There are 2 protein chains.
Amino acid sequence: MPRMRHRRLDCSPGCVVEATLSLIDGKWKGVVLYHLLDGTLRFNELRRRLPNVTQRMLTNQLRELETDGLIARKVYAQVPPKVEYSLTARGRSLQPVMAALKAWGDAHIALESNPPAVVPERPDAPSRLLDAARVGAV
Amino acid sequence: MPRMRHRRLDCSPGCVVEATLSLIDGKWKGVVLYHLLDGTLRFNELRRRLPNVTQRMLTNQLRELETDGLIARKVYAQVPPKVEYSLTARGRSLQPVMAALKAWGDAHIALESNPPAVVPERPDAPSRLLDAARVGAV
DNA sequence: CAGTATCCTATTAGATACTG
DNA sequence: CAGTATCTAATAGGATACTG
């Protein structure tokens, strides 16, 4: 596994919490991991699900997640290129953490600005409609 | 409750995860919350438990946590001043999140660099010696 | 004791343009 | 399609000095 890159450690017992956080902070990693919990996604599929992230940022975040051993990057040697991202076992093991974060958010965050009309939540509920509606297809 | 200040939202379902993360990111909040789970602490007690945080940063982080309604700040009108920080109900409700983060870290992070030789952990163990050594008494 | 105030640096993130 | 490269703006974080 490549060089891990978590935050400078403190290190009291709470340090472990910090170190774990450092792997999933950075503005987009949480969402990326969250979406990959649904399954493998290609670069632009991810992009479509994160309408506000720039290409550069998404690439960066993916690279860091990869460095941290949380996601796997599979490149298909073909034209046009195809790159798939998926969780590693280590990445999937974060599922309880993500679940805890999501549960807390659902219970405690008003989501005042953005109406939660979205909430597909079920893994089998295809949110493709959303995507289509938002980007007007590709 | 004062103006909430979480990260700019996205907002897909994973957004809730992001929003929750945004409340506990920022390099020291995790540890602060973690320590406050043990009970109320005064400003300098917290400082002693976070040997690497600057006064300014600790103040900032505490203010943000307060703004987000996660901790309460109680000022005693006396000289010398005394300020106590404790978790609010909302803050305590983060306990499962912290637990999940800690559990993951314990299971997956080597803690390669820093030996956990420190671990005073017990609230009654005075680490005053540390302070004395560092600042040459007050 | 528990902060503020300043100043300064480093890290993050965004926009935009280009490419194998 | 899935990126790089470059440049710049914003933010986070640190050092130091001062204060009610």
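Note that the structure is a prediction, hence the values are computed from the model and not measured. In the text below, chain A, chain B and the rest are named by the order of the sequence lines, each starting its count at 1.
Taking 4.5 Å as the limit, every side-chain heavy atom of B:Thr20 sits out of range of all side-chain heavy atoms of B:Val17. Residues B:Leu36 and B:Leu65 fail the side-chain proximity criterion, which asks for heavy atoms closer than 4.5 Å. Between B:Ile109 and B:Trp104, some side-chain heavy-atom pair lies under the 4.5 Å cut-off.
Side-chain atoms of A:Arg56 and base atoms of C:dA13 include a donor and an acceptor less than 3.5 Å apart.
Taking atom CG of B:Leu46 as the reference point, atom P of C:dG3 lies 10 Å away to the nearest angstrom. Between the CD atom of A:Gln55 and the P atom of D:dC1 there is a distance of 10 Å, rounded to whole Å. The distance between atom CG of B:Leu41 and atom C1' of C:dA2, rounded to the nearest whole Å, is 15 Å. Between A:Trp28 atom CH2 and C:dA13 atom P the separation is 9 Å, expressed in whole Å. If you measure from atom CZ of B:Phe43 to atom C1' of C:dT4, you get 11 Å, rounded to the nearest angstrom. For the pair A:Asn60 CG and C:dG14 P, the computed distance is 10 Å after rounding to whole Å. Atom CD in B:Glu45 sits roughly 11 Å away from atom C1' in C:dC1 (whole-Å rounding). If you measure from atom CZ of B:Arg47 to atom C1' of C:dT4, you get 13 Å, rounded to the nearest angstrom.
Distance alone, capped at 3.5 Å, is enough to place a donor-acceptor pair between the A:Arg92 side chain and the A:Leu87 backbone. A donor-acceptor pair is defined here as one N or O able to donate and one able to accept, closer than 3.5 Å; no such pair exists between the side chain of B:Glu84 and the backbone of B:Thr40. A donor-acceptor distance shorter than 3.5 angstrom exists from the side chain of A:Arg90 to the backbone of B:His108, with no hydrogens or angles considered. No donor-acceptor distance shorter than 3.5 angstrom exists from the side chain of B:Thr88 to the backbone of B:Ala72, with no hydrogens or angles considered.
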| note | Note, DNA chain D 5' to 3' with Watson-Crick or G-U pairs under 3.5 Å encoded as ( ), [ ], | and . gives ||||||||||||||||||||

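Heavy-atom distances under 4.0 Å link DNA chain D to A:Pro80, A:Pro81, A:Lys82, A:Val83, A:Tyr85 of residues 78-85 of chain A, given in residue order.
Closest approach to the B:Arg73 side chain among D:dT4, C:dA2, D:dG13 is made by C:dA2 (side chain taken as heavy atoms from C-beta onward). Between C:dG14, C:dC1, D:dG14, one nucleotide has an atom nearer to the side chain of B:Arg42 than all others, and that is C:dC1. Of the candidates D:dG14, C:dA13, D:dA2, the closest approach to any side-chain atom of A:Met57 belongs to C:dA13.
Side-chain nitrogen and oxygen atoms of B:Lys27 include none within less than 4.0 Å of the OP1 or OP2 phosphate oxygen of C:dT11.
For B:Arg63, the side-chain contact (heavy atoms from CB on, under 4.5 Å) partners two or more places apart in sequence, or in a different chain, are B:Thr59, B:Glu66, B:Arg73, B:Tyr85.
Comment: A:Asp25 does not engage B:Lys29 in a salt bridge, judged by the lack of any side-chain N to carboxylate O separation of less than 4.0 angstrom.
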